[in-house]
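Below: one structure, written as structure tokens.
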Amino acid sequence: MTNIANPANTIDIIKKYDFNFQKKFGQNFLIDTHVLDKICQASGLGKNDLAIEIGPGIGTLTEALCERAGFVVAIEIDDKLIPILEETLSSKDNFKLIHGDALKVDYLSLLAEHKEFSSIKIVANLPYYITTPILMDLLEKRLPLKSITVMVQKEVALRMKAAPGTKDYGALTLAVQYYSDPAIVQEVPPHCFIPRPNVSSAVIHLSLHEKTPVSVQNPALLFKTIKFSFMQRRKTLVNALSSGFHIEKKDLQAMLGSLSYPENVRGETLSLADFALIADGIEELQKKS
């Protein structure tokens, strides 16, 4: 059982350091031990794992991670939280604190310092204002991660897990599912945090694919195709891709027809496998032009 997560202890730490929450950093500290346990269980952390945490706050989740993982590296951007973390986690000998921006950390160098761990997992209560940039940065770097288990805004979790044809389905869905298999672990109401956020949250676990689920000639072109397809959801795929790639509509219609897609098909109805086929078709059209 962790101690920092106890609401009274969290308040005592905040008062002791006269800490003021920074809206620009999206700071909401978790004060529910049951949710902490759910996060740790979902991550599957063990003593052979290196855990990387982004945005540790005052060390609530960090403390729990240190009890389970072989080693924990926490990355914190807020200057005012550094002395708090150095005190709250002073008894942990399997912990390292990095003061910096998670989007600027050299993860390969960091991992090289901990070669003794064969399994690397990201576990974090992510700042909501920067959730998507951080997740996509970690996924696109193709780091040797086993999994990512994070607290995010509920709306974002639903988008990552969405299926074709649903209102939550979009470019983020496809990008996340290209790199991983997402599973929502638990919804978390606002009262589980200090201060209370204005939205509900959710813990989501991303199990990283060893091999991408679709084969595509040009992954960068695949993501461009997805991006253009969802920029204006009400447009047909032909119109969206014609505008984005500057390809003649008749050529796109012929290409889609050869793949058995109707002329009025929209991106929101297509799967990742569909987009891979279409991206390869666009690649061939571009070679001919």
ask   = Who pairs with Tyr17 by ring pair (Phe, Tyr, Trp, His ring centres under 6.0 Å), at least two apart in sequence or on another chain?
value = none
key: Heavy-atom side-chain contact between Cys40 and Val123 under 4.5 Å   = no
ask   = In this structure, which one of Ile31, Leu36, Thr60 forms a side chain to side chain contact (heavy atoms under 4.5 Å, CB included) with Ile4?
value = Thr60
ask   = Heavy atoms, side chains only, cut-off 4.5 Å: are Pro219 and Tyr178 in contact?
value = yes
ask   = Any donor-acceptor pair under 3.5 Å linking the side chain of Ser147 with the backbone of Leu206?
value = no
ask   = With distance as the sole test, does Asn48 use its side chain to make a donor-acceptor pair with the main-chain N or O of Phe117 at under 3.5 Å?
value = no
task = Name all pairs fulfilling the salt bridge (Lys or Arg N to Asp or Glu O under 4.0 Å) condition that reach into residues 228-246, sequence neighbours left out, sorted by first residue then second.
result = Arg233-Glu268
message = Under a 3.5 Å threshold, yes or no: a donor from one side chain and an acceptor from the other, between Asp274 and Ser271?
response = yes
task = Apply the test side-chain contact (heavy atoms from CB on, under 4.5 Å) to residues Ile84 and Phe19: give CA-CA distance (whole Å), side-chain angles for both, the deciding distance (0.1 Å), then the verdict.
result = CA-CA 9 Å; Ile84 300 178; Phe19 178 77; 4.2 Å; yes
key: Heavy-atom donor-acceptor pair, Lys287 side chain to Ile282 backbone, under 3.5 Å   = no
Which pairs of donor and acceptor atoms, one on a side chain in residues 124-139, lie under 3.5 Å apart (sequence neighbours left out)?
from, atom 1, to, atom 2, distance (Å)
Asn125, ND2, Asn28, O, 3.2
Tyr128, OH, Ser201, OG, 2.4
Thr131, OG1, Pro127, O, 3.1
Asp137, OD1, Lys141, NZ, 2.5
Asp137, OD2, Lys141, NZ, 2.8

request  = Can you see which heavy atom on Cys66 is nearest to which on Asn94, and at what distance?
outcome  = O-ND2, 2.9 Å
ask   = Between the side chains of Thr236 and Asn264, is a donor N or O closer than 3.5 angstrom to an acceptor N or O?
value = no
ask   = Is a side-chain donor or acceptor of Asn9 paired with a backbone partner of Asn3 at a separation under 3.5 angstrom?
value = yes
ask   = Any side-chain heavy atom of Lys249 sitting closer than 4.5 Å to one from Asn239?
value = yes
Ile194 and Ile11, any side-chain heavy atoms less than 4.5 Å apart = yes
note = Between the CD1 atom in Ile39 and the CG atom in Leu30, the distance rounded to the nearest 0.5 Å is 5.5 Å
query = Are the side chains of Glu283 and Leu221 in touch, meaning some heavy atoms are under 4.5 Å apart?
reply = yes
task = Check the pair Val199, Lys154 against side-chain contact (heavy atoms from CB on, under 4.5 Å), reporting the backbone distance first and the verdict last.
result = CA-CA 8 Å; Val199 296; Lys154 178 182 173 183; over 6 Å; no
remark   = Closest non-hydrogen atoms of Met255 and Ile278, given as atom of the first, atom of the second and distance, are CE-O, 3.9 Å
ask   = Could you give the distance from OG (Ser242) to NZ (Lys250), rounded to the nearest 0.5 Å?
value = 11.0 Å
key: Residue Lys115 excluded, over 12 heavy atoms near NZ under 6.0 Å   = no
message = Apply side-chain contact (heavy atoms from CB on, under 4.5 Å) to residues Ile98 and Lys96 and explain how you reach the verdict.
response = CA-CA 7 Å; Ile98 295 177; Lys96 175 182 179 179; 4.3 Å; yes
ask   = For Gly57, does its backbone N or O pair with a side-chain atom of Glu76 as donor and acceptor, under 3.5 Å?
value = yes
inquiry  = Taking the side chain as everything from C-beta on, heavy atoms only, tell me whether Met151 gets closer than 4.5 Å to Phe193.
reply    = yes
ask   = Any donor and acceptor pair, going by atom type alone, linking the side chain of Glu53 with main-chain N or O of Ile122 inside 3.5 Å?
value = no
key: Contact list for residues 158-172, test salt bridge (Lys or Arg N to Asp or Glu O under 4.0 Å), sequence neighbours left out   = none
ask   = What orientation do Phe245 and Phe228 show, parallel under 30°, tilted 30 to 60°, or perpendicular over 60°?
value = perpendicular
ask   = Does CD in Gln217 sit with more than 12 non-hydrogen atoms of other residues, nucleotides or ligands closer than 6.0 Å?
value = yes
ask   = Hey, are the side chains of Phe29 and Ile13 touching, using non-hydrogen atoms and a 4.5 Å cut-off?
value = no
Whether Asp32 side chain and His34 backbone form a donor-acceptor pair below 3.5 Å = yes
remark   = dist Gln22:CD -> Asn20:CG (nearest 0.5 Å) comes out at 7.0 Å
task = Provide the closest heavy-atom pair for Ala162 versus Thr173 in the form atom of the first, atom of the second, distance.
result = O-CG2, 3.3 Å
note = For Ser229 and Gly267, the nearest pair of non-hydrogen atoms, with its separation, is CB-CA, 4.4 Å
task = Kindly indicate, with the supporting measurements, whether the criterion side-chain contact (heavy atoms from CB on, under 4.5 Å) is fulfilled by Ile247 and Leu241.
result = CA-CA 7 Å; Ile247 297 174; Leu241 297 181; over 6 Å; no
request  = To the nearest 0.5 angstrom, please state how far the NZ atom of Lys227 sits from the CG atom of Leu174.
outcome  = 15.0 Å
message = To the nearest 0.5 Å, what is the distance between CD on Gln27 and CG on Asp78?
response = 5.0 Å
key: Backbone N/O of Gln177 and side chain of His209: donor-acceptor pair under 3.5 Å   = yes
inquiry  = Looking at Gln286, I want to see if its CD is surrounded by more than 12 non-hydrogen atoms of other residues, nucleotides or ligands under 6.0 Å.
reply    = yes
message = Going by salt bridge (Lys or Arg N to Asp or Glu O under 4.0 Å), name the pairs with one or both residues in residues 79-95, residues two or more places apart or in two chains.
response = Lys16-Glu87
key: Note: Arg68-Asp37 ion pair, threshold 4.0 Å (strictly below)   = yes
Shortest non-hydrogen separation from Pro182 to Ile204 and the atoms involved = CB-CD1, 4.0 Å
message = Test your reading of the model: is there a side-chain donor-acceptor pair from Asp280 to the backbone of Val216, 3.5 Å cut-off?
response = no
ask   = Is Leu61 close to Pro56 at the side-chain level, that is, under 4.5 Å between some pair of heavy atoms?
value = no
query = From Glu187 CD over to Lys38 NZ, what is the distance, rounded to the nearest 0.5 angstrom?
reply = 12.5 Å
message = By the ring-ring contact (aromatic ring centres under 6.0 Å, His included) test, which pairs, at least two apart or in different chains, include something from residues 40-94?
response = Phe71-His114
message = I need the minimum non-hydrogen distance between Ala42 and Thr149, along with the two atoms involved.
response = CB-CG2, 4.0 Å
